[in-house]
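Residue numbers run from 1 in the order of the sequence given.
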Amino acid sequence: MKETDAQRNARRKIASWVTNKLNDTQNSAEARFMRDCVLRALGRINTNLTALEGSVRTSMMLKTTEPLVCFYMKGGNAYKCIMDNNARTRDGGGDSDWDTQILINPWAPEPVRKKLYAEIEELVLDEFKTCANEIATGLHQGKATATPAPLPGAVAVPVVGPDDFAAARDLNAIYQTAIDAEYLADAVARTEFKPAIRATLGNISAGNNMIKMDGEQTIRRIYDNEVIGLSFNDRMPLVAPIDNALTPCPGLLFNESIKPFSLYRLGYTFHVMDHANERVLPKVALGELIDVTIPKIHTVEAVEVWEDMMVSGHITIAQIPVNVGTYAPVNLPLPSMQYHLAEMMLMLGEISDGSSHHMDKTHKRTRRMHDILEYTIPGAVGNQQNDFDALNTRMLCAAAGVANETELKSSTASTQQFTQLVNVRDPARNFTGGSNLRVKNFMINQMENAIVPEVGPIPVTFSHEAFNEYYVTKSLPSSKGYAKKLVLIIPKNDPSVSLSKLILTISNIKYGTTKNWEPTLLESGELGLKERLESSNIISTNNIATTGIDCWKIIVCENDINLNAIFSELSKGLLKIKDNLTRGIPAALSMKVKDYVRYDHRGILREKFIIIQDRGSNIIGVVNLVIGDQARSGGTFSMLGTQDAHKLATLVDIGRQRKFAASLIHDYTLKTKVSKQLETIQSLIDC
């Protein structure tokens, strides 16, 4: 049965509330014991992933120079552990479930990645089962005492009844009474439900069964319905390791239905019941203990997060001991503050453009971002504090799509939009700190730019004729017809026009090629994409937003000698480009280059992905230098009134280019627009 929006919101709220109770180590000895079991499970996953990486290297004869796997803690617990010593040493992280992420090197050959994905799923499943057994066994045996000894692993235990130990009690009973009493007494918890949601829940103040833990916990698998056509839940039962134990094992939920991620969860499932003991909500609510996320193999996130965590140099990961009170500590991989800053910027951007369903978390995320920007390093030496502040500012400016902090602060927009946004939940918390000005302007920047209105400035969507003229002039300056018409709008020495001319010139370099070969310049930009999509006879391009990047190109080279020669000339040519603002001074266009290896039936091919920016950090060009044959073009077309024919890249190559761009561009607004184009392409093909 499909949920309504009100039912889904209610379920999420209740799941969050139950999760907090299960993980609040100050709430009960049982919660502290469960948290220790969770920490040890995370420690084993951490250790075993390292062993798995070594095993795959050996079996597939891989070098040790390139990492294959990255595992780290994320979310609220990880944040609290680096900001609050008590959270790390007393609470085992905090009062929420442990969110974690496993990354797999997206540049590794696909057979290597597929093997790692399969092996990691088995590893997580095994460790979840072990942890579930430890929790059920330990609670049954009464190990959740005031001064507990750490549970070393799954243990063999005698078959005993639940009353043989004073502390062995039914977990459902332990928490049910507390949940009912606290929920009904908590005015905030009740009033946070909107009237429609309260009506959906029925009479929440009556009966003792509002939130009821399922007596039988299971392994649930939810498959990707876009792949197999249905979501299937096989519900394999989990049996507690002790006969007649009332405390069940926590359940396992393996979810493949979320587009970018595989999501593995360990926790207890609940149902919401009314006073007549009938289900009010059709789906289960999950009180979570562990959450493991893995970006799927062919997604933007698989590349993006790997580059941020393992390549950018902005984020470090340290093995830090974490424990619950007197339990022995476990070393967990915790990322530095810059990771949490990047996460908050992403989430605030999603709230700003309306794509997030978590408007209620605006204040918490704004507060967390503010605290990181204002953080003073204890005992900082030399330039440590200045370097920390400068890195934070660079990351913020990159996400907001501006060149420097001054530009970020100079937004002329009214702060009214921001005030309305962040004060929805708590009008009293209006931060006024100096660094928080950057937070406010970041939010304003995203709200203004993430969605451009239909009547807004060009370029907007593919359906605007004015944009077609504008784009042809800037990206295809050799074409006749539009340049004179737009000369007052686009100066002749506009850097984008100069860049397009430079690329046309260097694409004729034949150095390193055979007599029968010459490099091929392929159009992969907005109009090329429009032509490709419209030729499918199924996609409507009217409402597809343009990126605002003037020059998208792919240059097909015969071999790496030819590719390197063209790259060398591109590098030299950028230094000579001048614009109309610098009065003859070189415009100082800069490049960001990602070298990568492509694997296909022709063998191992080394190629380049290039982002070209102007002095204001605006991205004006994206170029792929690839090795291939003429078949990558897929034909020759005359585009939108241009008199010259242009070779268009295939939709596969355009999609790969968009995926790289969405993964490696930090500007939130631009990244979002590129991602939308990629999603449209992927509605036709996988790339």
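- By the 4.5 Å heavy-atom criterion applied to side chains, K474 and C551 are not counted as neighbours.
- With sequence neighbours excluded, the residues satisfying side chain to side chain donor-acceptor pair (under 3.5 Å) with S524 are Q657.
- Relative to the ring axis of F660, K594 does not place its NZ or CZ within 45° and under 6.0 Å from the centre.
- Take K553 and apply the side chain to side chain donor-acceptor pair (under 3.5 Å) test, not counting sequence neighbours, and it matches S475, E523.
- Closest approach of K671 to A662, counting heavy atoms only: NZ-O, 2.9 Å.
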Derivation and outcome, side chain to side chain contact (heavy atoms under 4.5 Å, CB included), residues L103 and Y72 | CA-CA 9 Å; L103 307 178; Y72 61 92; 3.8 Å; yes
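- For K74, the NZ atom is densely surrounded, since the number of other residues' heavy atoms within 6.0 Å is greater than 12.
- Here the side chains of L529 and L651 are in contact, with some heavy-atom distance below 4.5 Å.
- Formation of a donor-acceptor pair under 3.5 Å by the E288 side chain with backbone atoms of R265 is not found in this model.
- Among residue pairs with one or both ends in residues 392-402, none qualify as salt bridge (charged side-chain N to carboxylate O under 4.0 Å, His left out); sequence neighbours excluded.
- Contact annotation: the side chain of N559 never approaches that of W517 to less than 4.5 Å [non-hydrogen atoms, C-beta and beyond].
- Distance alone, capped at 3.5 Å, is enough to place a donor-acceptor pair between the N564 side chain and the D560 backbone.
- Using modelled atom types, one side-chain atom of N562 and one backbone atom of Y511 make a donor-acceptor pair closer than 3.5 Å.
- With sequence neighbours excluded, the residues satisfying side chain to side chain donor-acceptor pair (under 3.5 Å) with E121 are R221, Y264.
- Proximity of a side-chain donor or acceptor of R532 to a complementary backbone N or O of L648 within less than 3.5 Å is detected.
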Criterion side chain to side chain contact (heavy atoms under 4.5 Å, CB included) on M369 and L341, from CA distance to verdict = CA-CA 6 Å; M369 188 171 172; L341 178 62; 3.8 Å; yes
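- No donor-acceptor contact under 3.5 angstrom links the side chains of Q101 and T293, judged on distance only.
- The shortest distance between side-chain heavy atoms of Y599 and I604 falls below 4.5 Å.
- Annotation: side chain to side chain donor-acceptor pair (under 3.5 Å) contacts of D99 (sequence neighbours excluded): none.
- Counting only heavy atoms from C-beta outward, the side chains of P106 and Y596 never approach each other to under 4.5 Å.
- With sequence neighbours excluded, no residue forms a ring-ring contact (aromatic ring centres under 6.0 Å, His included) with F71.
- The CG atom of N508 sits 10.0 Å away from atom OG1 of T520, with the distance rounded to the nearest 0.5 Å.
- We find that E526 and K530 are not joined by a salt bridge, their nearest charged nitrogen and carboxylate oxygen being 4.0 Å or further apart.
- Contact annotation: the side chain of V300 never approaches that of P260 to less than 4.5 Å [non-hydrogen atoms, C-beta and beyond].
- In terms of heavy-atom proximity, M337 sits nearest to I372 at O-CD1, 3.8 Å.
- Every residue was checked against the salt bridge (Lys or Arg N to Asp or Glu O under 4.0 Å) condition with E66, not counting sequence neighbours, and none meets it.
- N392 and Q338 share a side-chain donor-acceptor pair at under 3.5 Å.
- L533 and I539 make their closest contact through O-CB, 3.9 Å (heavy atoms, listed as atom of the first residue, atom of the second, distance).
- E607 is linked by a salt bridge (Lys or Arg N to Asp or Glu O under 4.0 Å) to R632, counting only residues two or more places apart in sequence or in another chain.
- By the ring-ring contact (aromatic ring centres under 6.0 Å, His included) test, F261 pairs with no residue at all, sequence neighbours left out.
- Between E679 and K259, no side-chain nitrogen of the basic residue sits less than 4.0 Å from a carboxylate oxygen of the acidic one, so the salt-bridge criterion is not met.
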Where do L68 and L52 land on the side chain to side chain contact (heavy atoms under 4.5 Å, CB included) test, with the steps shown first?
-> CA-CA 10 Å; L68 299 176; L52 172 62; over 6 Å; no
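- Between D595 and R606 there is no side-chain heavy-atom pair separated by less than 4.5 Å.
- Partners of R368 according to the salt bridge (Lys or Arg N to Asp or Glu O under 4.0 Å) rule, which considers only residues two or more places apart in sequence or in another chain, do not exist here.
- Partners of K676 under the salt bridge (Lys or Arg N to Asp or Glu O under 4.0 Å) rule, at least two apart in sequence or in another chain, do not exist in this structure.
- Side-chain contact between S498 and L589: absent, with no pair of heavy atoms (C-beta onward) separated by less than 4.5 Å.
- The list of side-chain hydrogen bond (donor to acceptor under 3.5 Å, both in side chains) pairs with a residue in residues 102-113, not counting sequence neighbours, reads W107-E307, E110-K114.
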